[in-house]
Participant: 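Would you mind keeping the following structure in view while I ask a few things?
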Amino acid sequence: MWDLWHKYHCPIIGTCLEVNDLRRLARKVGARMLNQAPTDFEVHVSFVAAAEEKNALSIAVQKELERRYARSVKRFAAAKSSAALLELWQQALAEGEVQGAFWAVMTHGLADVAVRSRAYEDIHMLSHQIGAGLRADLAALAKARKELARVRKDSETEAKQQARRMQAKLSEIGQLRERVAQLEGIEQAYEAMRERLRALEDDPERRALRTQVTELEQDNERQGRQLADAELRANALEAALGAAESEVVEITARLNEQVRACEALERLVGIGAEAAGCMAQDGAPCCEGQCREGQDGVLDLAGRRILCVGGRSDLASRYRDLVQRCNGEMIRHDGGLEDSQQRLQAALASADAVICPADAVSHNAYSRTKRFCKRMGKPCVLVPRSSVGAFAEALTALADPPHQQALQGPVSLGGERLPGPSGAA
């Protein structure tokens, strides 16, 4: 051992002997301080340092290695050249018999510097591989420990759940046993009642009562069927009544809408008659419409420009006639694809008020009109239909003085409705 280069002492002692072997040898030679070293590294370093010369520790190591690896030394002694020695080393390295083979090759008489250096290099690289494998094993061990802890925790949780379920089952079994005891008592009482009934069956009065009960049951069943039929008829009548009430509500709403439209048309027709009676000789309205100002209930748009977005094209002339009767000016956008969106924006900006029938306008034009009037605070009346009466009602909302003060943005007459699938007309 002490005749080898000092750099070989570390791999020889570290590879061929375990730390427990070193502590045992220290106790054997009486090195108490070394045996009480706190770390394995200190024990290893102490033996490596002692191997540099002949002493009690190095002699003990020498004897332990010779005893433990005698078979390997004998096997390598058969090599008659350094090449044969190196071949035996490669074979032992491939078979995993590293400890004994390393000691045998390092102490062989034919081992030159090249052979020992090759063995030293192989052991050095093997230690790196073992270290990498050890790190992987430690990582796997840590992972396995975590998994084991999780499994144990899950097992304990499952055991507690099983215990609770078992306790619940035991409680249920106890309840079932009590129920069985009760049923046994009921069965005994039932048997006693059967005996009593059998004793009463021979009584003529009982037989007469049984016959009467049978007749009553049949009559009750017949009345039950009649009652079921009556309930079916009542349900049908209730359904019909509900449908009729819904229809009445719808008709009432439509009637109210028609009444409002008729009232608006009557006021507009009144305007036309009064205007016809107040004409100058040349056919122009007298006093430029000043005669309207003193009449009660007359609709006067005061020359405002009314924009109609959508509506029926075949009623456009009648819309315009109504606006003119109310001393206003009408412009129209078809609310569909024929008139461009840029024209709609310009028309909205130039109008004093807007009327938009929901059943004859495109979704896009309807939404743009509503957003614009809401943002600008411009009076806008949304009507559900494009009839002349609905248009007249919208004019009433725009022309009446109270509405002129209230209308700031879009309002809906008769509930707001989205544009129908027909779009603009």
Participant: Is Lys63 salt-bridged to Glu66, cutoff N-O under 4.0 Å?
Facilitator: no
Participant: Tell me if the CD atom of Glu191 is crowded by more than 12 foreign heavy atoms within 6.0 Å.
Facilitator: yes
Participant: Tell me whether Asp334 contacts the main-chain N or O of Val309 through its side chain, where contact means a donor paired with an acceptor under 3.5 Å.
Facilitator: no
Participant: Does the side chain of Arg368 pick up a donor-acceptor pair with the side chain of Gln345 at under 3.5 Å?
Facilitator: yes
Participant: May I ask you to test the Ile331-Ser350 pair for a side-chain heavy-atom distance under 4.5 Å?
Facilitator: yes
Participant: Would you mind reporting whether Trp2 and Ile59 have side-chain heavy atoms less than 4.5 Å apart?
Facilitator: yes
Participant: Look at Arg165 together with Glu158 and state whether they make a salt bridge at an N to O cut-off of under 4.0 Å.
Facilitator: yes
Participant: Heavy atoms only: give me the nearest Arg304-Asp352 pair and the separation to one decimal.
Facilitator: CA-OD2, 3.4 Å
Participant: Could you give the distance from CE (Met125) to CG (Leu93), rounded to the nearest 0.5 Å?
Facilitator: 12.0 Å
Participant: Side-chain contact test, heavy atoms from C-beta onward, threshold under 4.5 Å: evaluate it for Arg68 versus Gln99 and give yes or no.
Facilitator: no
Participant: Kindly give the heavy-atom pair with the smallest separation between Ser387 and Tyr319, and that separation in Å.
Facilitator: O-CE2, 4.3 Å
Participant: What do you reckon, is CD of Gln90 surrounded by more than 12 foreign heavy atoms closer than 6.0 Å?
Facilitator: yes
Participant: Under a 4.0 Å threshold between the charged nitrogen and the carboxylate oxygen, would Asp229 count as salt-bridged to Arg233?
Facilitator: no
Participant: So, Lys153 and Glu156, do they make that salt bridge, N to O below 4.0 Å?
Facilitator: no
Participant: Set out, in order, the CA-CA distance, both residues' side-chain angles and the distance that settles side-chain contact (heavy atoms from CB on, under 4.5 Å) for Leu395 and Val323, then state yes or no.
Facilitator: CA-CA 7 Å; Leu395 289 177; Val323 173; 4.0 Å; yes
Participant: Do you know the tightest heavy-atom contact between Ala56 and Val29?
Facilitator: O-CG1, 3.9 Å
Participant: For Ser72 and Ala104, indicate whether the former's side chain and the latter's backbone hold a donor-acceptor pair under 3.5 Å.
Facilitator: no
Participant: Decide, yes or no, whether a salt bridge links Glu329 with Arg320 under the criterion of side-chain N to carboxylate O below 4.0 Å.
Facilitator: no
Participant: Ion pair present between Arg75 and Glu97, side-chain N to carboxylate O less than 4.0 angstrom?
Facilitator: yes
Participant: With the threshold set at 4.0 Å, does a side-chain nitrogen-carboxylate oxygen contact exist between Asp219 and Arg222?
Facilitator: yes
Participant: How long is the span from the OG atom in Ser82 to the NE2 atom in His108, to the nearest 0.5 Å?
Facilitator: 10.5 Å
Participant: For the CD atom of Gln182 and the CG atom of Leu176, what is their distance to the nearest 0.5 Å?
Facilitator: 11.0 Å
Participant: Can you list the steps and then say if Cys356 with Val361 is a side-chain contact (heavy atoms from CB on, under 4.5 Å)?
Facilitator: CA-CA 8 Å; Cys356 183; Val361 66; 4.1 Å; yes
Participant: May I ask you to check whether Trp89 and Asp122 show a side-chain donor-acceptor distance below 3.5 Å?
Facilitator: yes
Participant: Is there a donor-acceptor pair under 3.5 Å between the side chain of Ser246 and the backbone N or O of Gly242?
Facilitator: yes
Participant: Give the minimum heavy-atom separation between His44 and Leu22, together with the two atoms involved.
Facilitator: CA-CD1, 4.2 Å
Participant: Please give me the minimum heavy-atom distance between Tyr8 and Ser117, naming the atom from each residue.
Facilitator: OH-OG, 3.7 Å
Participant: Between Phe391 and Ser386, is there a side-chain heavy-atom distance shorter than 4.5 Å?
Facilitator: no
Participant: Taking Arg332 for the side chain and Gly310 for the main chain, is one N or O donor matched with an acceptor at less than 3.5 Å?
Facilitator: yes
Participant: Could you please spell out the steps behind the side-chain contact (heavy atoms from CB on, under 4.5 Å) verdict for Val105 and Leu88?
Facilitator: CA-CA 9 Å; Val105 73; Leu88 285 175; over 6 Å; no
Participant: Take atom CZ in Arg150; do more than 12 heavy atoms of anything else shown fall under 6.0 Å from it?
Facilitator: yes
Participant: Using the rule given for side-chain contact (heavy atoms from CB on, under 4.5 Å), can you reason through His9 versus Ser58, listing the C-alpha separation, both sets of side-chain angles and the distance that settles it, and then say yes or no?
Facilitator: CA-CA 10 Å; His9 294 156; Ser58 61; over 6 Å; no
Participant: How many angstroms lie between OG1 in Thr369 and NZ in Lys374, if you round to the nearest 0.5 Å?
Facilitator: 14.5 Å
Participant: Report, as yes or no, whether the 6.0 Å neighbourhood of atom CZ on Arg152 holds more than 12 heavy atoms from other residues, nucleotides or ligands.
Facilitator: no
Participant: With a 4.0 Å cut-off on N to O distance, would you call Arg116 and Asp112 a salt bridge?
Facilitator: no
Participant: Do Leu65 and Val73 touch side chain to side chain, with heavy atoms closer than 4.5 Å?
Facilitator: no
Participant: With rounding to the nearest 0.5 Å, note down the distance linking CG in Leu17 to CD1 in Ile12.
Facilitator: 10.0 Å
Participant: If you measure from the Lys or Arg side-chain nitrogens to the Asp or Glu carboxylate oxygens, is any gap between Arg312 and Asp359 under 4.0 Å?
Facilitator: no
Participant: Considering only NZ, NE, NH1 and NH2 on the basic side and carboxylate oxygens on the acidic side, decide whether Glu64 and Arg67 come within less than 4.0 Å.
Facilitator: yes
Participant: Are there more than 12 heavy atoms of other residues, nucleotides or ligands under 6.0 Å from atom CD of Glu187?
Facilitator: no
Participant: Checking the side chain of Tyr69 only, and the main-chain atoms of Cys16 only, is there a donor and an acceptor separated by less than 3.5 Å?
Facilitator: yes
Participant: For the backbone of Asp300 and the side chain of Asn327, can you confirm whether one donor and one acceptor N or O come within less than 3.5 Å of each other?
Facilitator: no
Participant: Do Leu348 and Leu344 have side chains that get closer than 4.5 Å, going by heavy atoms?
Facilitator: yes
Participant: Does the side chain of Leu398 reach to within under 4.5 Å of the side chain of Pro379, using non-hydrogen atoms?
Facilitator: yes
Participant: To the nearest 0.5 Å, tell me how far Thr107 OG1 sits from Leu4 CG.
Facilitator: 7.5 Å
Participant: Do the non-hydrogen side-chain atoms of Val48 and His6 ever get within less than 4.5 Å of each other?
Facilitator: yes
Participant: Can you check whether Asp3's main-chain N or O pairs, donor with acceptor, with Lys54's side chain at less than 3.5 Å?
Facilitator: no
Participant: Checking Asp154 against Thr157: is there a side-chain donor and acceptor pair closer than 3.5 Å?
Facilitator: no
Participant: Does NZ or CZ of Lys7 fall inside the cone over Tyr120's six-membered ring, less than 6.0 Å from its centre and within 45° of the axis?
Facilitator: yes
Participant: To check you understand the geometry: which heavy-atom pair defines the closest contact between Leu110 and Lys80, and what is its length?
Facilitator: CD1-C, 3.2 Å
